[in-house]
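As the structure lists them, so they are numbered: ligands from 1, and atoms in each ligand from 1. Computation of the quantities below employed the complete heavy-atom set of this structure, encompassing side-chain atoms and omitting hydrogens, waters and symmetry-equivalent molecules.
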Amino acid sequence: MSGYLKDLISEVKAKNPAEPEFHQAVEEVTDSLEKVLEIHPEYRAASILERIIEPERVISFRVPWINDQGEVKVNRGYRIEMNSAIGPYKGGIRFHPSVTLGSLKFLAFEQTFKNALTTLPMGGGKGGSDFDPRGKSDGEVMRFCQSFMCELFRHIGPSTDVPAGDIGVGAREIGYMFGMYKKLRNEFTGVLTGKGLNWGGSLVRPEATGYGVVYFASEMLQTRGLSFEGKTVAVSGFGNVAWGAVTKATELGAKVVTISGPDGYIFDPEGINGEKIKFMLEMRARGKDMVKDYADKYNVEYFPGKRPWEVKVDIALPCAIQNELNEDDAKNLINNGCICVCEGANMPCTPQAVHLIQISGLLYSPGKASNAGGVAVSGLEMAQNSMRYNWTRDEVDNRLKLIMHSIHKACTETAERYGAKGNYVTGANITGFLKVANAMMDQGIV
Ligand code: 2IT
């Protein structure tokens, strides 16, 4: 890495202490940019990278709420408005005990590049809270969401910042937040995506992230004349992304043999299909955040405290959370003959794991490219809201497929142009960076 980039990373670490995930995400992107900055000295002269790394605005706020016992609880809420060069801030809201300023900054940073890749006009943002939805009653979740929106509403809007769901935030939470926003603003507008179908939501939005991951992995496999047909697949997580990925991979003739939770993973040698896929939704709705119930119900093996990467599979789709697949996991996958690791979560592979997977010649895609289908259909939801119209399922699904195809094409072509053929990390980072950087250049020093 050049002295300039090394100094930049040191400065990011010194200026943003205790934000390890943010450092990791910034390092991953800057690693890809050496050549671009050499060819385009104007970016360095305009301090584009320094500006992209600094959020346009960080909002941190108190979220007080009352639990079912009548006690007052306090959580911390955030919204990171990272970059608005190519459109309004756009990105999910995460409710999870692991949420910190640093983890949301990493997610908002990734989102900026991801959204640029979708071909749609969306800037980057992310928000959330350290609120733990596990075991909370419906009333508690509603009161929390309402309190969260009582502060957030003044910072967002359909042309300013459009949040959506993420870990711990699904259709129910979006509904409660939308209700409070509407009451406070006296305005029915597309301020959130992932809305219910009969009040402004888009068909295929729930499935979009997982479907997109599988569409993207299919494109990757195709470059080697391969497909999902007859392949064995390991999926981690059992939330929204995992559910969509299991559904589509199964539909394309693959056998998905694992899903996982914070408690461990299950191994279903017959494949997770039919009614068993529906049961994933039921497990999620139970609010326990455990996957063991699947093993009990379908009488399959359950591995407490373990992750699914030790299973022999052809394709691995990590769809749970950041840094869930480390170097040892990567070794296991490689030794077991895995051919493709396609990220459904944001930054699920550690840098050491990514390095090993790449030098071993496996197909590998970073989440910012392969999981962009979720936010892409959020962009389509925004378009439908603006038109006050709804597209059919096929219309949205076809657009999603087309977008995933475009992202794949952009990544492969850019990687090749910059002398890194087959490297989806380089391709995604450079493509996303150029779109955002050029927009920033056009708009002056703001
Ligand atoms: O990580 C992500 O891309 C999301 N959570 C979806 C964001 C969105 O605005 O739909």
Between ligand 1 and Gly165, is the shortest N or O to N or O distance under 3.5 Å? yes
Short list, please: which atoms of ligand 1 are under 4.0 Å from a heavy atom of Gly92? 7 (C)
Ranked by distance from atom 10 (O) of ligand 1, the top protein heavy atom is Ser378 OG, 2.6 Å
Sorted by chain and number, sequence neighbours left out, salt bridge (charged side-chain N to carboxylate O under 4.0 Å, His left out) with Glu19 holds for Lys105
Quick check: Asn371 and ligand 1, any N/O pair under 3.5 Å apart? no
Within 45 degrees of the ring normal and closer than 6.0 Å to the centroid, is that where the cationic atom of Arg284 sits relative to Trp243? no
Among pairs that include at least one residue of residues 88-101, which meet salt bridge (charged side-chain N to carboxylate O under 4.0 Å, His left out), considering only residues two or more places apart or in two chains? Arg94-Asp166
Taking a cutoff of less than 4.0 Å between a non-hydrogen atom of the residue and any ligand atom, is Lys126 in contact with ligand 1? yes
Proximity to ligand 1 by part of Asn346, non-hydrogen separation under 4.0 Å: side chain
Atom 9 (O) of ligand 1 sits nearest the protein heavy atom Lys90 NZ, 2.7 Å
Taking the inter-plane angle between the rings of Phe303 and Tyr265 on a 0 to 90° scale, is it parallel (under 30°), tilted (30 to 60°) or perpendicular (over 60°)? parallel
Consider ligand 1: state whether an atom of it lies below 4.0 angstrom from any non-hydrogen atom of Arg205. yes
Is any NZ, NE, NH1 or NH2 atom of the basic residue among Glu207 and Arg393 found under 4.0 Å from an Asp or Glu carboxylate oxygen of the other? yes
Heavy-atom nearest neighbour of atom 2 (C) of ligand 1 within options Glu381, Lys114, Lys368: Lys114
Here the atoms of ligand 1 under 4.0 Å from any heavy atom belonging to Ala164 are 8 (C), 9 (O), 10 (O)
Relative to the heavy atoms of Asp166, which atoms of ligand 1 are at a distance of less than 4.0 Å? 1 (O), 4 (C), 5 (N)
If the plane angle is over 60° it's perpendicular, under 30° parallel, otherwise tilted; pick one for Phe178 and Trp199. tilted
Quick check with a 6.0 Å cut-off and a 45 degree axis cone: is Lys136 positioned over the face of Phe95's six-membered ring? no
Ion pair present between Lys409 and Glu413, side-chain N to carboxylate O less than 4.0 angstrom? yes
Which of the numbered atoms in ligand 1 are under 4.0 angstrom from any heavy atom belonging to Gln111? 1 (O), 2 (C), 3 (O), 7 (C)
